[in-house]
Every structure is written in C-alpha cells, then in structure tokens.
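To start, the structure under review is shown below, and the notes come after it.
Values below: every heavy atom of this structure, side chains too, minus hydrogens, waters and symmetry copies. Numbers restart at 1 for each chain; the letters A, B, ... are given by sequence-line order, proteins then strands.
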There are 2 protein chains.
Amino acid sequence: MSEIDNVRESFVQLWGAMGSFWGISPTGAKVYAWLMSRADPADSEEIMAGLELSRGAVSMACKELREWHLIEVEKAPGSRRSRFRPATDLEKVVRNIVQIRKRREWDPLREHLLEWIPQLEAEESPEAETFRRRLESLEGLITLADSMVEMFLKGGMVSKIGLKMLVRASRSDLPHPQLRFEQATQDKERP
Amino acid sequence: MSEIDNVRESFVQLWGAMGSFWGISPTGAKVYAWLMSRADPADSEEIMAGLELSRGAVSMACKELREWHLIEVEKAPGSRRSRFRPATDLEKVVRNIVQIRKRREWDPLREHLLEWIPQLEAEESPEAETFRRRLESLEGLITLADSMVEMFLKGGMVSKIGLKMLVRASRSDLPHPQLRFEQATQDKERP
DNA sequence: TTGAAGTTTCAAAAAGTCTTGAAATTTCAA
DNA sequence: TTGAAATTTCAAGACTTTTTGAAACTTCAA
C-alpha cells in the first residue's frame with residue numbers, strides 16, 4: 001500500500017470525526033475529504049467503492065455537500081452520470097459554512113434576546129433585573145461577534161486589517177497597535 | 001405565571017438546543033441557562049426541581065460545566081451542600097470554550113497535517129502532489145485561524161485592534177484601513 | 001417516445017448519545 | 001472518629017441521529 005493511501009485513509013478518518021464541528025454529518029465529511037484526496041472529480045460508483053458506502057448514503061452525502069457549496073456537480077458530455085468536484089478554495093468554503101451557520105443558529109438567538117429583554121424590563125423584581133442585565137451583556141457579545149463574522153464574510157479580515165496586525169495583536173511581547181475602545185458591558189454581580 | 005418564568009423557560013429551551021454548537025451537552029447547557037436566569041447561586045436540589053432532572057443528571061451536568069469553567073462551586077459556611085454560581089463574565093467564558101475546543105479539535109488536525117505533508121512529498125505521482133498542495137493550503141488557513149484565535153485568547157481582539165476598525169472593516173461602504181497583505185496560498189487546479 | 005442508466009426518497013435498522021437511579025464513595029459537623 | 005448528608009459513578013434504558021437499501025422517480029441517448 002503506497003503512502004498516499006495511508007494519508008488518504010487517515011485524512012478521511014480525521015475529517016469525518018471533525019464533521020460535527022462544522023455541523024456536517026460524518027459521512028458527508030468523509031466524502032469531502034476523500035474527494036479532496038483525489039486529483040480528479042469522482043462519480044458515485046467510485047465514491048461507493050472508495051469509502052464502502054451504499055448508493056443511498058453517497059447520494060445523501062453529496063446532496064448535503066451541495067447544499068453547503070462544498071462540491072460542484074458536473075456531467076461529462078455524452079454521459080448522464082454526475083461527477084463531483086470538491087471546492088478547493090478553502091477560504092470561500094469556510095465563509096459559506098460560517099454564513100449558513102450564522103443564519104441558522106446565531107441570528108435566531110439574537111432575535112429572541114431582543115424580544116426577551118423588553119419583557120423583563122416590564123417586570124420590576126431584582127431577579128428579573130439581574131437576568132435582564134445578563135441577557136443584555138450576552139446580546140452585546142453577540143453583536144460584537146456578529147460584526148467580526150460579517151467582516152470575515154464580506155471578504156477578508158486578512159486583507160482589510162492586515163496579517164501583520166493580526167500577528168502582532170496575537171503576541172503579547174510586542175507593543176499594541178494604536179486604536180483603543182471602551183470595554184464591553186459587564187455584569188455587575190452581587191457579592 | 002409571571003413574565004420572568006416565560007422568558008426563563010424559553011431561554012433554557014433555546015440555550016439547551018444550542019448546546020451542541022458549543023460542544024456542551026443539552027442538559028449541561030440547560031442547567032447553565034437556568035442558573036443564568038437566577039440572581040443567586042442554586043444547589044442541586046433546586047436545579048432538580050427547577051428543571052425536572054434526576055440527581056445524577058444534575059451532578060453530571062455540573063461536572064461538565066465545571067470542566068468548562070462555566071460555573072463555580074461554593075459552599076455556604078457550616079453546610080456541606082454545594083451551590084453553583086454561573087460565570088457571568090461572558091467574554092472569559094467564551095474564551096475558555098474556544099481555548100479548550102481549539103486544543104481538543106484543531107491542534108491535533110494541524111499536527112497531523114504537518115506529518116502528512118512530508119509523507120506525500122516523498123511520493124512523486126501527480127495525484128499525491130495535488131493532494132499535498134491542498135493539504136498545504138488547508139494548513140495555511142488553519143495557521144491563520146490559529147493566529148486569530150490566539151489573539152482573541154490573549155485578551156482582546158477588541159482592545160487591541162479596536163472596535164472602530166472592526167466595524168469599519170465589516171462595512172463595505174467605507175474606505176479600508178491601511179495595512180495590506182499578500183493573499184493566502186491557493187490551490188491551482190487543473191482545468 | 002422508450003427504457004435502461006442514474007438519482008432520490010424514505011421507512012426501518014443501526015449506531016451513537018444522553019438520562020436515569022440505585023449503589024458506591026466521599027465529605028465534614030458533631 | 002463516626003455516620004448521615006451529599007456527591008459521584010456507571011450500567012441499563014430512552015432517545016436522537018445517521019445509515020441503509022429497496023422502491024419510486026427522473027433523465028436523456030438512441
């Protein structure tokens with residue numbers, strides 16, 4: 001067995017296990033990893049053989065990957081068989097995933113918070129006030145996260161802020177870049 | 001039923017459903033949300049009653065939350081009963097979660113990549129080369145993500161880069177801040 | 001148009017994850 | 001030190017998610 005097959009197998013395995021991190025099913029993640037490991041696009045027969053999956057499983061996985069824009073489908077002319085090509089512009093891929101998950105998972109949370117906070121304002125108990133303050137600071141944090149994510153989505157943290165500044169900010173032994181900002185709101189606890 | 005109870009219930013529900021996003025079990029997430037909704041720390045009896053969970057479930061959930069530094073345990077003097085206080089410094093909380101998940105999930109991936117790339121270099125087939133180039137660009141992306149995460153962990157994206165710059169970078173209608181940087185490596189595909 | 005190749009669907013089975021509760025262990029006020 | 005209170009553990013069961021594969025459907029070369 002040649003080296004590439006070992007690496008392919010380990011990569012497929014690890015990427016499959018990481019699928020849940022991205023919100024992708026293990027099988028979907030494995031199929032993507034397997035496609036990445038091959039120079040040319042593959043059809044479902046090849047994927048079935050390469051990963052020992054059923055026809056249905058491959059179809060489901062490819063459907064999922066298509067929804068995430070992780071693969072493109074193409075048909076060789078004069079054939080009716082689909083071939084799957086993995087997206088290799090990883091920055092774009094990550095951007096897609098982040099955008100979809102933000103919409104599905106973060107935006108609803110934010111909307112609920114904005115609805116709950118006034119409801120708690122209506123109540124006057126100290127309990128409600130503590131709870132409200134906490135939800136407010138959560139909302140603040142999500143707004144911040146949102147603007148970071150938006151920046152990333154709009155096409156490049158790196159090109160806009162500059163890698164140098166990012167690297168610099170990540171090292172505590174260098175002096176900070178200039179700009180400052182007032183701290184995010186903080187929950188004042190009872191002692 | 002007063003307003004606060006409605007909000008509490010919805011919040012517990014939603015947060016519980018989002019648990020998997022953070023890598024926390026649904027029950028753990030619910031317990032944390034419930035504690036956040038109360039002004040004072042609670043003991044396990046109260047949590048059991050408030051969320052209709054068994055003693056064991058509460059113990060497991062609190063153990064998990066302690067591991068994530070999402071709650072602190074304290075004992076009222078002269079009592080042997082633990083009371084649980086939710087961490088409300090959310091920026092710190094998020095930082096903890098990100099750090100732990102990074103260690104558990106990202107760092108191993110990066111290590112594997114650094115091991116696999118030379119293995120593929122040893123092989124001379126075009127297939128291996130394509131695969132290697134893709135793994136390299138993945139490694140590049142992870143390195144970049146790493147420096148962003150490190151910066152966040154080291155105590156404040158916001159205070160170091162400045163919220164103004166973040167907001168500005170997230171808006172496409174304003175001119176960009178100065179710094180630039182060469183693009184991340186990109187997989188050159190065969191046509 | 002036809003029909004074989006190709007794809008998708010979906011109900012059932014398998015796998016995986018979470019919860020329970022009784023028993024074992026630990027803790028600490030007396 | 002003692003032992004009742006408190007906590008943790010863990011195997012069994014409940015629940016959730018994922019996978020399968022056979023059947024239904026769609027496509028397109030002939």
Could you check A:L53 against A:R80 and say which one's nearest nucleotide on DNA chain D is further toward the 5' end?
A:L53

Testing D:dT8, C:dT20, D:dT18 for proximity to the side chain of A:T27, the answer is D:dT18

Proximal nucleotide (of C:dT27, D:dT7, D:dT19) relative to the A:P26 side chain
D:dT19

Can you tell me which nucleotide in D:dT19, D:dT8, C:dT8 comes closest to the side chain of A:M60?
D:dT19

Under a 4.5 Å side-chain heavy-atom rule over Ile, Leu, Val, Met, Phe, Trp and Tyr, are B:I142 and B:L114 clustered together?
no

Show your working on side chain to side chain donor-acceptor pair (under 3.5 Å) between A:E139 and A:T143 and close with a plain yes or no.
CA-CA 6 Å; A:E139 204 274 321; A:T143 299; 3.1 Å; yes

4.5 Å side-chain heavy-atom contact, A:E124 and A:E129
no

Name the nucleic acid region contacted by A:R81, choosing base, sugar-phosphate or nothing; use a 4.0 angstrom heavy-atom cut-off, strictly under.
sugar-phosphate

Here the distance between atom C1' of C:dG6 and atom CD of A:E46, to the nearest Å, is 15 Å

Using the ring centroid of each side chain, check whether B:F21 and A:W106 are separated by less than 6.0 Å.
yes

Report the distance from atom NZ of A:K75 to atom P of C:dA5, rounded to the nearest whole Å.
16 Å

How long is the line joining CE of A:M48 and C1' of D:dT20, in whole Å?
11 Å

Send over the distance from A:D43 CG to C:dT8 P, rounded to a whole Å.
13 Å

Taking the side chain of A:S54 as its heavy atoms from C-beta onward, which of C:dT8, D:dT8, D:dT20 lies nearest to it?
D:dT20

Within the 4.0 Å heavy-atom criterion, would you say B:K30 contacts the bases, only the backbone, or no part of the nucleic acid?
nothing

Spacing between B:E74 atom CD and D:dT7 atom P, to the nearest angstrom:
13 Å

note: A:K63, atom NZ; D:dT20, atom P; distance rounded to Å ~ 17 Å

A:R55 atom CZ is separated from C:dT8 atom P, nearest whole Å, by 12 Å

Mapping A:V58 and A:P77 onto DNA chain D by nearest heavy atom, which one lands closer to the 5' end?
A:V58

Would you say that B:I47 contacts B:F84 through its side chain, given a criterion of any heavy-atom pair below 4.5 Å between the two side chains?
yes

Nearest whole Å is fine: how far is C:dT7 P from A:E64 CD?
18 Å

Quick one: label A:R66 by what it contacts on the DNA or RNA (base, sugar-phosphate, nothing), any heavy atom closer than 4.0 Å.
sugar-phosphate

